[in-house]
Amino acid sequence: MDRRTFLQSAAAAAAFARTSRAQDVEIEEGGIGGFQDAMAAGRITAAALLDQYRTRVESLDRNGPALRSVIEWNPDAAAIAGALDAERKQKGARGPLHGIPVLLKDNIDSADRMHTTAGSLALMDAPQPRDAALVVRLRAAGAVIAGKTNLSEWANFRSTHSSSGWSGRGGQTLNPYALDRSPSGSSSGSAVAVSANLCAAAVGTETDGSVVSPSSVNGIVGIKPTVGLIGGRGIVPISHNQDTAGPMARSVRDAAILLSVMAEGPHANADYTKFLDAGGLRGARLVYVRHGFNVIPQVERIIDDCVQEMAVRGALVSEIDTMPGAGKYDDTEGTVLRYDFKADLNAYLDSRGGGLTLGRLIEWNEQHRAAEMPFFEQEIFQQAQQKGPLTEMAYRTALANDQHMSRAAGIDSALKAAHAEAIVAATSGPAWLTDHLNGDRDTGGCSTPAAVAGYPHITVPAGFVGGLPVGISFFGTAWSEPVLLKLAYAFEQATKARKKPGFAK
């Protein structure tokens with residue numbers, strides 16, 4: 001059934017939903033499996049579940065603490081949920097995502113009545129011609145695309161002084177644990193919406209830290225897969241070398257369910273939940289990078305305790321002070337990203353039509369300075385615009401350095417030396433105060449090695465510093481998602497560190 005036919009059944013489906021709705025099911029801290037059980041038992045419908053989330057968005061995101069994490073609600077969501085309820089009654093569920101509300105970061109194309117803008121007002125009138133590859137897979141699995149989430153505009157790649165979670169279109173997203181603190185970026189809205197229980201799960205994107213850092217800062221699970229495991233078509237790009245979408249959820253299991261649907265290609269697994277093992281730390285060989293990522297001592301002590309808990313659970317942990325290759329690609333990463341951004345963004349914009357280019361976006365921002373640049377400029381845009389084609393030697397040399405120093409001389413070297421399965425480190429420091437004048441503050445973190453290498457990285461809640469959550473990371477070599485999921489799940493089950501946010505002022 002194509003989407004047009006599917007939506008044409010909405011009237012009958014809506015009537016079914018109205019007559020079959022049972023009492024509301026508790027959605028706070030609810031998981032995908034529990035929602036599926038409730039729908040299968042007739043205790044709730046997909047339409048009713050969506051309504052509960054919509055009510056919560058109105059209460060907490062539009063009003064109350066006004067988190068501003070959901071940039072747009074899908075006007076077709078209710079019809080889609082109703083049609084999926086009717087389909088469940090007639091044929092059964094398609095799978096674990098059938099009828100489950102999922103939010104998308106606003107740089108992921110959806111060929112519907114929603115916009116895809118990367119947070120920029122410049123793209124409000126530029127329609128996207130088709131669903132992103134991952135959206136096609138989510139729809140086929142029966143997920144309800146409930147809306148789009150705010151982000152750091154242009155995935156935090158417009159200015160070196162930007163404030164995470166701010167976009168010209170969506171304004172400033174707030175951290176649900178402390179409203180004056182940053183939600184981190186660039187998948188700010190996705191992380192906040194998941195943490196505040198505004199959706200069952202969400203999809204973010206990462207180039208360097210944009211899934212794992214907001215996940216850590218907002219107390220949720222985030223997976224940055226190996227680059228290429230999730231199809232990149234239909235995502236507003238920065239770099240084809242480092243960009244990937246990734247699942248964001250309140251539990252490792254829910255993130256694994258989402259990854260199972262979105263992953264494709266020869267390295268994909270149809271069901272990543274089969275790797276989840278509560279005893280998965282027993283006999284696991286890990287490398288703990290204790291220093292070198294510039295986190296504060298309070299965070300280091302939390303991660304020390306976490307590593308000790310892993311050892312109690314049977315893990316064999318060797319410790320190193322810093323990552324091999326550290327500092328060897330700090331400058332060249334920026335060079336590669338600026339070259340890639342110009343080439344990849346221009347190609348993406350051309351696919352949407354309308355004649356936009358990076359150069360014209362720079363001009364548009366200048367012409368609409370009051371709306372788009374009230375706090376910070378567009379120096380990264382301007383630097384990227386000055387770059388030449390990807391055939392230039394400066395680009396090719398920088399890329400070769402990045403890939404060698406982060407892979408063979410970096411992550412792979414650390415794993416080989418310790419005969420280890422994965423590397424463990426603090427994901428990031430706690431959230432900093434939002435500051436539109438000075439921009440973001442660097443509180444440290446371990447995102448860069450796996451980001452530059454294009455390797456997988458999972459973060460899980462580890463504890464709290466002054467009431468602010470911090471995460472612990474597991475990362476490894478290419479296509480090692482099954483191993484990382486096993487370890488992350490075992491750690492999560494042993495510690496149960498997540499606590500729901502309290503919206504402190």
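By the 30° and 60° cut-offs, the orientation of the rings of Trp364 relative to His368 is parallel.
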For this session: Please step through side chain to side chain donor-acceptor pair (under 3.5 Å) for the pair His115 and Glu72, ending with a clear verdict.
Result: CA-CA 8 Å; His115 303 81; Glu72 184 173 14; 3.1 Å; yes

For this session: Verify salt bridge (charged side-chain N to carboxylate O under 4.0 Å, His left out) between Glu377 and Arg158, making sure each step is shown before the conclusion.
Result: CA-CA 7 Å; Glu377 299 291 319; Arg158 199 191 83 191; over 6 Å; no

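Under the rule for a ring-ring contact (aromatic ring centres under 6.0 Å, His included), His161 has no partner lying at least two apart in sequence or in another chain. Checked against side-chain contact (heavy atoms from CB on, under 4.5 Å), Asp271 has the following partners two or more places apart in sequence or in another chain: Ser260, Thr273, Lys274. The side-chain contact (heavy atoms from CB on, under 4.5 Å) check on Pro237 picks up Asp243, Asp344, Leu345, Tyr348, with sequence neighbours excluded. With sequence neighbours left out, Phe341 forms a ring-ring contact (aromatic ring centres under 6.0 Å, His included) with Phe157, Phe381.
Using a 4.5 Å heavy-atom threshold, the side chains of Phe503 and Leu67 count as touching. Within the 4.5 Å cutoff, the side chain of Thr149 has no heavy atoms near those of the Leu104 side chain.
Within 6.0 Å of atom CZ in Arg396, 12 or fewer heavy atoms from other residues, nucleotides or ligands are found, so the atom counts as exposed in its surroundings.
Screening Ser190, Ser69, Ser167, Ser186 for a side-chain hydrogen bond (donor to acceptor under 3.5 Å, both in side chains) involving Asn150 leaves a single residue, Ser167. Just one of Ser216, Ser473, Ser213 meets the side-chain hydrogen bond (donor to acceptor under 3.5 Å, both in side chains) condition when paired with Thr427; it is Ser473. For the side-chain hydrogen bond (donor to acceptor under 3.5 Å, both in side chains) with Asn197, the qualifying choice from Arg56, Glu29, Glu28 is Glu29, the only one to do so.
Listed for the Lys105 side chain is a donor-acceptor partner under 3.5 Å among the backbone atoms of Thr205.
Each ring-ring contact (aromatic ring centres under 6.0 Å, His included) pair with one or both residues in residues 235-268, not counting sequence neighbours, appears once here: His267-Trp479.
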Could you list the donor-acceptor pairs under 3.5 angstrom formed between side-chain atoms of residues 382-395 and any protein atom two or more places apart in sequence or on another chain?
unit_1	atom_1	unit_2	atom_2	d
Gln383	OE1	Arg338	NE	2.7
Gln383	OE1	Arg338	NH2	3.0
Glu392	OE1	Tyr339	OH	2.5
Tyr395	OH	Asn241	ND2	3.0
Tyr395	OH	Asp340	OD1	2.6

